[in-house]
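Each remark here refers to the structure printed beneath this line.
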Amino acid sequence: EVQLQASGGGLVQVGGSLRLSCAASGLIFDNYDIGWFRQAPGKEREGVSFISRGGGSTYYADSVKGRFTISSDNAKNTVALQMNNLKPEDTAVYYCAAVSVSRQWDSYIVNGIYYWGKGTQVTVSS
């Protein structure tokens, strides 16, 4: 059974930091790109950041560039999302997923989503 479990969420003040972790089991980690998505109340789920299998390429939504950093540890089957300088608009449930992602011009495109993990709540208070 494939499982992706996000953890590390919590309540933080504006300007603070959190580090999310996505732990994967039941799949060959090297076969998938891994992405972070988020969904705020009343809004659609949106892509936040992605890392290619092997960690050679990373992608970020414009809203988080310069503040969030994604990294992977293939030996441990984990992907981390370091979130700095958090803003109230970052408040959402964050999900990790096994995906296929590729570069498109100066951005990226998600070609497919294979597995979703359970989310972790991030709340940024002002």
Side-chain angles (χ1 to χ4, degrees):
E1 180 186 6
V2 174
Q3 287 190 335
L4 294 166
Q5 181 64 57
S7 62
L11 174 64
V12 65
Q13 292 187 332
V14 170
S17 299
L18 282 174
R19 185 176 179 86
L20 304 184
S21 181
C22 176
S25 62
L27 56 76
I28 301 174
F29 205 63
D30 288 347
N31 287 353
Y32 297 91
D33 306 325
I34 302 295
W36 286 96
F37 296 78
R38 66 186 181 187
Q39 188 166 19
K43 294 188 176 181
E44 292 186 355
R45 192 171 297 188
E46 63 175 354
V48 175
S49 181
F50 303 86
I51 189 164
S52 62
R53 60 205 73 185
S57 297
T58 57
Y59 310 91
Y60 298 93
D62 288 342
S63 58
V64 306
K65 280 181 181 176
R67 300 188 298 121
F68 290 11
T69 303
I70 192 169
S71 60
S72 65
D73 185 338
N74 282 15
K76 296 182 179 180
N77 276 15
T78 59
V79 169
L81 184 68
Q82 178 66 41
M83 307 187 297
N84 298 328
N85 191 21
L86 284 161
K87 304 176 180 181
E89 51 264 42
D90 295 319
T91 294
V93 178
Y94 284 70
Y95 302 87
C96 61
V99 303
S100 172
V101 64
S102 58
R103 188 172 301 281
Q104 185 178 57
W105 299 103
D106 61 349
S107 185
Y108 62 86
I109 184 170
V110 178
N111 302 300
I113 301 172
Y114 304 107
Y115 302 102
W116 284 104
K118 294 182 179 180
T120 185
Q121 175 72 47
V122 172
T123 303
V124 184
S125 65
S126 56

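Since the model is a prediction, treat every value here as computed from it, not as a measurement. Numbers here simply count residues along the sequence, with the first being 1.
Grouping the Ile, Leu, Val, Met, Phe, Trp and Tyr side chains by contacts below 4.5 angstrom, directly or via other members, places Tyr114 apart from Val101. Grouping the Ile, Leu, Val, Met, Phe, Trp and Tyr side chains by contacts below 4.5 angstrom, directly or via other members, places Val12 with Tyr94. The hydrophobic cluster containing Val110 does not contain Val64, counting ILVMFWY residues as joined when their side-chain heavy atoms lie under 4.5 angstrom apart, directly or transitively. No path of Ile, Leu, Val, Met, Phe, Trp and Tyr side chains, each step under 4.5 Å between heavy atoms, connects Tyr108 with Ile34, placing them in separate hydrophobic clusters. Two different hydrophobic clusters hold Phe37 and Leu4 under the rule that ILVMFWY side chains link at heavy-atom gaps under 4.5 Å.
Remark: Glu89 CD is packed, more than 12 non-hydrogen atoms of other residues, nucleotides or ligands lying under 6.0 Å away.
Nearest approach of Ser72 to Val79, heavy atoms of both residues: CB-CG2, 3.9 Å. Taking all atoms of both residues into account, the shortest heavy-atom contact from Ala40 to Ala92 is N-CB, 3.8 Å. Among all heavy-atom pairs drawn from Ala97 and Ile113, the shortest one is CB-CG2, 4.1 Å. When all heavy atoms are compared, the tightest approach of Leu18 to Gly8 is CD2-O, 3.9 Å. The two atoms that bring Gly117 and Tyr95 nearest to each other are O-CD2, 3.4 Å, heavy atoms only.
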Derivation of the side chain to side chain contact (heavy atoms under 4.5 Å, CB included) call for Arg45 and Trp116: CA-CA 12 Å; Arg45 192 171 297 188; Trp116 284 104; 3.3 Å; yes
Test side chain to side chain contact (heavy atoms under 4.5 Å, CB included) on Arg67 and Asp90 and set out the steps. CA-CA 11 Å; Arg67 300 188 298 121; Asp90 295 319; 2.7 Å; yes
Determine whether Tyr32 and Val2 satisfy the following criterion, side chain to side chain contact (heavy atoms under 4.5 Å, CB included), listing intermediate values before the conclusion. CA-CA 12 Å; Tyr32 297 91; Val2 174; over 6 Å; no
Run the numbers on Leu86 and Phe68 for side chain to side chain contact (heavy atoms under 4.5 Å, CB included), then give the verdict. CA-CA 9 Å; Leu86 284 161; Phe68 290 11; 3.8 Å; yes
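Atom CG of Asn74 is separated from atom CD1 of Ile28 by 12.0 Å, given to the nearest 0.5 angstrom. Rounding to the nearest 0.5 angstrom, the gap separating the CD atom in Gln82 from the OG atom in Ser21 is 11.5 Å. Put simply, CG on Asn77 and CD on Gln3 are 12.5 Å apart, with the number rounded to the nearest 0.5 Å. Distance CD/Glu1 to CG/Leu27: 11.5 Å, rounded to 0.5 Å. Separation of atoms CD1 (Ile109) and OG (Ser102) is listed at 6.0 Å; rounding is to 0.5 Å. Leu11 CG to Ser125 OG: the interatomic distance, rounded to the nearest 0.5 Å, is 5.0 Å.
By the salt bridge (Lys or Arg N to Asp or Glu O under 4.0 Å) test, Lys43 pairs with no residue at all, sequence neighbours left out.
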Would you be so kind as to tabulate the donor-acceptor pairs closer than 3.5 Å made by side chains of residues 46-61, with sequence neighbours excluded?
from  : atom 1 : to    : atom 2 : distance (Å)
Glu46 : OE2    : Arg38 : NE     : 2.7
Glu46 : OE2    : Arg38 : NH2    : 3.3
Ser49 : OG     : Tyr59 : O      : 3.0
Ser52 : OG     : Gly56 : N      : 3.3
Ser52 : OG     : Ser57 : N      : 2.8
Ser52 : OG     : Ser57 : O      : 3.4
Arg53 : NE     : Asp33 : OD1    : 3.2
Arg53 : NH1    : Asn31 : O      : 2.9
Tyr60 : OH     : Ile70 : N      : 2.9

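For the residue pair Gln121 and Thr123, a side-chain donor N or O sits within less than 3.5 Å of a side-chain acceptor on the partner.
In this structure, Thr91 contributes its side chain and Pro88 its backbone to a donor-acceptor pair below 3.5 Å.
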